[in-house]
Every structure is written in C-alpha cells, then in structure tokens.
Amino acid sequence: MSKVIAIANQKGGVGKTTTAINLAASLATLGQECLVIDMDPQSNATTGLGIDRGSLGKSVYDVLVDGIALDDVLHDTTVSKLDIAPATIDLSSAEINLINVENREKKLKNALNKSQKNYKYIIIDCPPSLGLLAINALVASDTVVIPMQCEFFALDGLGQLSRTIFTLMQSYNLELEGILFTMFDSRTNLAEQVVEEVKKFFNNKVYEVKIPRTIKLAESPSFGKPVLLHDPLGKGTRAYMDFAKEFLDRQNGKMESANKN
C-alpha cells in the first residue's frame, strides 16, 4: 500500500514546495515509486517538475470538483519512477465550488482510494494556508512533514499548525512524520536556538538533516528540475538525498518495531 505524506506549513516561503519536489525526486532516485500531488493553486510543484501548465488538459482541480479519476491527470516527469498530478490556477476556485458539497474535505482521499496506480510514496504539496485544499491534503494523508525556517516567527506559526494537526490526528488518524529545518544557516546563533526550542517540544520528530540555503536549490524550479538534476554534486542535492535516506531509515525502523509488536 502507498504511504501518503503531506508537506504542510501555513506559512509561505519556508521551502515547502522545494521539499515536496526534492524529497520525491530523491526517493525515486533511491528506487522508490513516487507521486507528487500539487494541491497549491500557485502550482509551483507542477512547473518545478517541468510540466507546462498552459498545455494541461485536466488537473487536480478536475479531480476535486468534477470527479475525474486521479489516474487520468497523471504525468511523467524527467525523473524515473516519479509522476505528478499537476495543478493550475483553476485550483484557486475549488474551495468555492466545493463549499456546499457533502464530504468536501474527503474529495482527494476518495480519489486516492479509487486510483489503480501503485506508488510506494505519495507526497502532497499543500498550499500555504489552512483552508479546504490543505484540509483535503491532510485528510488524505497518513502523515505530515512540516518544513520550517530557523526564525522567531516560525515558532509562532508552528504552534498554530500543530493545533490544527493534533485536531486532525484525532479525527482522521493523521500522524506527525517529522519537522524538517530548511534554509538553515549554521553560522547564526538564532538558527541553533530555534532548533533547540523545537526539539524540546517535538523531540525525536525533528530530523537530524537540515537543508541549507543555496542558490542552486533556489533556482532549480525555474529550470523545471529538482536540484539533483540541476546541480547533481551540489550541497542542496546532498542534503535532500541525506534527508531521503533518513526518511527511509525511519520508515524501516517503524516497520521493524511494528513487526516486533
């Protein structure tokens, strides 16, 4: 069965889409069949994986609003073993169109349940909000990864997101996969202080790997490529590959623990 992971943070500009793209690409490079679902109307994950939004016939919008099969909107990417369910700006009107629809928060979950495709990991890029699109993503997910910057305001935003996630955990069996620090600058005292504060609250849910701020990582989406294709030997590539390996190690640890029990 597929494991569905939402990449979520209601604060924009924290490396959410960068993480969705590059975690998926790194996992695919390590041999895991992966799907990225773009649930953000800005559709940066779509363009960041080389898909021309203007040429799309159907998208995630049609899945949510018109009931089109998810399998019918999937596209290959330039990374072997990695597909994407793309988004367009049309997605911005989905919340309005679904406002009076019964079980509107389960539209994506139901579409995933009907999919005939077999992926090991499905990664959902959430919008920077806590509206219906993000709720759909979280309800459809098994776990959530929260990328965050090491800055003061990130801590404040994390508290709000945590309350929402803990509420959904109780209602929809959602788990916190982990906290990933992005745009990390080890030269600043603030960065280290934020890491320590977050570890006090989330303990072993904080990933050891931290994603550095690099020019190549920031510019790779403009080339329609994950960083491992844009800058194969760069720091960003190494960081996301290390993150993918830590992610997989944790999955293996969970499986071993479940088997023992």
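At least one donor-acceptor pair closer than 3.5 Å links the side chain of Lys205 to the backbone N or O of Leu176. Listed for the Asp62 side chain is no donor-acceptor partner under 3.5 Å among the backbone atoms of Lys58. A donor-acceptor pair under 3.5 Å links the side-chain atoms of Asn9 to the main chain of Pro147, judged by distance alone. Side-chain N or O atoms of Thr77 include one that pairs as donor or acceptor with a backbone N or O of Leu82 at under 3.5 Å.
If you chain together hydrophobic residues whose side chains sit under 4.5 Å apart, Val60 and Leu74 fall into the same group. Put simply, Val144 and Leu133 are part of two different groups of oily side chains (I, L, V, M, F, W, Y) that touch within less than 4.5 Å, one to the next. Note on Tyr119: it does not cluster hydrophobically with Ile84, by side-chain heavy-atom contacts below 4.5 Å among ILVMFWY residues. No chain of hydrophobic side-chain contacts below 4.5 Å, direct or via other Ile, Leu, Val, Met, Phe, Trp or Tyr residues, connects Ile211 to Val198. In the hydrophobic clustering of ILVMFWY residues, with side-chain heavy atoms under 4.5 Å counting as a link, Ile146 and Val139 come out together.
Applying the ring pair (Phe, Tyr, Trp, His ring centres under 6.0 Å) rule to pairs touching residues 198-226 yields Tyr207-Phe243, Phe223-His230, sequence neighbours excluded. The ring pair (Phe, Tyr, Trp, His ring centres under 6.0 Å) contacts involving residues 63-109 comprise nothing, where partners must be two or more places apart or lie in separate chains.
When the salt bridge (Lys or Arg N to Asp or Glu O under 4.0 Å) test is applied to Glu246, the partners found at least two apart in sequence or on another chain are Arg250. In terms of the side-chain contact (heavy atoms from CB on, under 4.5 Å) criterion, Pro221 has no residue partners (sequence neighbours excluded). Here Glu219 pairs with Lys216 under the salt bridge (Lys or Arg N to Asp or Glu O under 4.0 Å) rule; sequence neighbours left out. Evaluation of the side-chain hydrogen bond (donor to acceptor under 3.5 Å, both in side chains) rule for Tyr121 yields no partner, not counting sequence neighbours. Among residues two or more places apart in sequence or in another chain, the salt bridge (Lys or Arg N to Asp or Glu O under 4.0 Å) test is passed with Glu95 by none. In this view, Ser43 and Arg53 satisfy the side-chain hydrogen bond (donor to acceptor under 3.5 Å, both in side chains) rule, not counting sequence neighbours. Residues satisfying the side-chain hydrogen bond (donor to acceptor under 3.5 Å, both in side chains) criterion with Thr214, sequence neighbours excluded, are absent altogether. Residues meeting the side-chain hydrogen bond (donor to acceptor under 3.5 Å, both in side chains) test with Ser115, sequence neighbours left out: Asp71.
Between Pro127 and Gln42, every side-chain heavy-atom pair lies at or beyond the 4.5 Å cut-off. Phe247 places a side-chain heavy atom less than 4.5 Å from the side chain of Leu27. Residues Ser220 and Asp231 have side chains not in contact (no heavy-atom distance under 4.5 Å, counting atoms from C-beta outward).
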message: Is there a side chain to side chain contact (heavy atoms under 4.5 Å, CB included) between Leu35 and Ile123? Walk through the geometry before answering.
response: CA-CA 6 Å; Leu35 170 67; Ile123 296 174; over 6 Å; no
message: Let's go through Thr78 and Leu49 carefully: what are the C-alpha distance in whole Å and the side-chain angles of both, what is the deciding distance for side chain to side chain contact (heavy atoms under 4.5 Å, CB included) to 0.1 Å, and is it a yes or a no?
response: CA-CA 7 Å; Thr78 53; Leu49 284 172; 5.9 Å; no
- request: Show the numbers, then the answer: is there a side-chain hydrogen bond (donor to acceptor under 3.5 Å, both in side chains) between Thr46 and Asp38?
  value: CA-CA 7 Å; Thr46 298; Asp38 192 347; 2.7 Å; yes
task: Walk me through it: do Leu248 and Leu30 pass the test side chain to side chain contact (heavy atoms under 4.5 Å, CB included)?
output: CA-CA 10 Å; Leu248 289 175; Leu30 292 171; 3.9 Å; yes
- prompt: What's the verdict on side chain to side chain contact (heavy atoms under 4.5 Å, CB included) for Lys114 and Leu70, showing C-alpha distance, side-chain angles and the deciding distance?
  reply: CA-CA 8 Å; Lys114 295 175 183 177; Leu70 180 66; over 6 Å; no
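Atom CG of Asn252 has more than 12 heavy atoms from other residues, nucleotides or ligands within 6.0 Å. Asn118 CG: 12 or fewer foreign heavy atoms inside a 6.0 Å radius. No more than 12 heavy atoms of other residues, nucleotides or ligands sit less than 6.0 Å from atom CD of Glu175. Within a 6.0 Å radius of NZ in Lys235, other residues, nucleotides and ligands contribute 12 heavy atoms or fewer. Within a 6.0 Å radius of NZ in Lys120, other residues, nucleotides and ligands contribute 12 heavy atoms or fewer.
The minimum heavy-atom distance linking Val79 with Pro226 is given by the pair CG2-CG, 3.6 Å. The minimum heavy-atom distance linking Ile89 with Ser92 is given by the pair O-OG, 2.6 Å.
Between the CG atom in Asn136 and the OG atom in Ser141 there is a gap of 10.0 Å [rounded to 0.5 Å]. Interatomic distance, CG of Asp72 versus OG of Ser59, reported as 12.5 Å (0.5 Å rounding). Rounding to the nearest 0.5 angstrom, the gap separating the CD1 atom in Ile51 from the OG1 atom in Thr88 is 13.0 Å. For the atom pair CG (Leu64) and CG (Asp90), the distance works out to 11.5 Å, reported to the nearest 0.5 Å. Distance CZ/Phe181 to CE/Met148: 5.0 Å, rounded to 0.5 Å. To the nearest 0.5 angstrom, Ile7 atom CD1 is 9.0 Å from Ile124 atom CD1.
A cation-pi geometry, defined here as NZ or CZ lying under 6.0 Å from the six-membered ring centre and within 45° of its normal, holds between Lys210 and Phe184.
Between Lys81 and Glu33 a salt bridge is recorded (basic side-chain N to carboxylate O distance below 4.0 Å).
Counting only N and O atoms by type, the side chains of Asp66 and Tyr61 include no donor and acceptor under 3.5 Å apart. Between the side chains of Gln251 and Glu177, at least one donor N or O sits under 3.5 Å from an acceptor N or O.
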Output side-chain donor-acceptor pairs under 3.5 Å for residues 101-113, partner residues at least two apart or in another chain, one line each.
{"unit_1": "Arg104", "atom_1": "NH1", "unit_2": "Ile99", "atom_2": "O", "d": "3.3"}
{"unit_1": "Asn110", "atom_1": "ND2", "unit_2": "Lys106", "atom_2": "O", "d": "3.2"}
{"unit_1": "Asn113", "atom_1": "ND2", "unit_2": "Lys109", "atom_2": "O", "d": "3.4"}

In a table with atom names and distances, give each donor-acceptor pair under 3.5 Å that connects a side chain of residues 13-23 to protein atoms at least two apart or in another chain.
{"unit_1": "Lys16", "atom_1": "NZ", "unit_2": "Asp125", "atom_2": "OD1", "d": "3.1"}
{"unit_1": "Lys16", "atom_1": "NZ", "unit_2": "Cys126", "atom_2": "O", "d": "2.5"}
{"unit_1": "Thr17", "atom_1": "OG1", "unit_2": "Asp125", "atom_2": "OD1", "d": "3.4"}
{"unit_1": "Thr17", "atom_1": "OG1", "unit_2": "Asp125", "atom_2": "OD2", "d": "2.8"}
{"unit_1": "Thr19", "atom_1": "OG1", "unit_2": "Gly15", "atom_2": "O", "d": "2.7"}
{"unit_1": "Thr19", "atom_1": "OG1", "unit_2": "Tyr240", "atom_2": "OH", "d": "2.8"}
{"unit_1": "Asn22", "atom_1": "OD1", "unit_2": "Val227", "atom_2": "N", "d": "2.8"}
{"unit_1": "Asn22", "atom_1": "ND2", "unit_2": "Thr18", "atom_2": "O", "d": "2.8"}

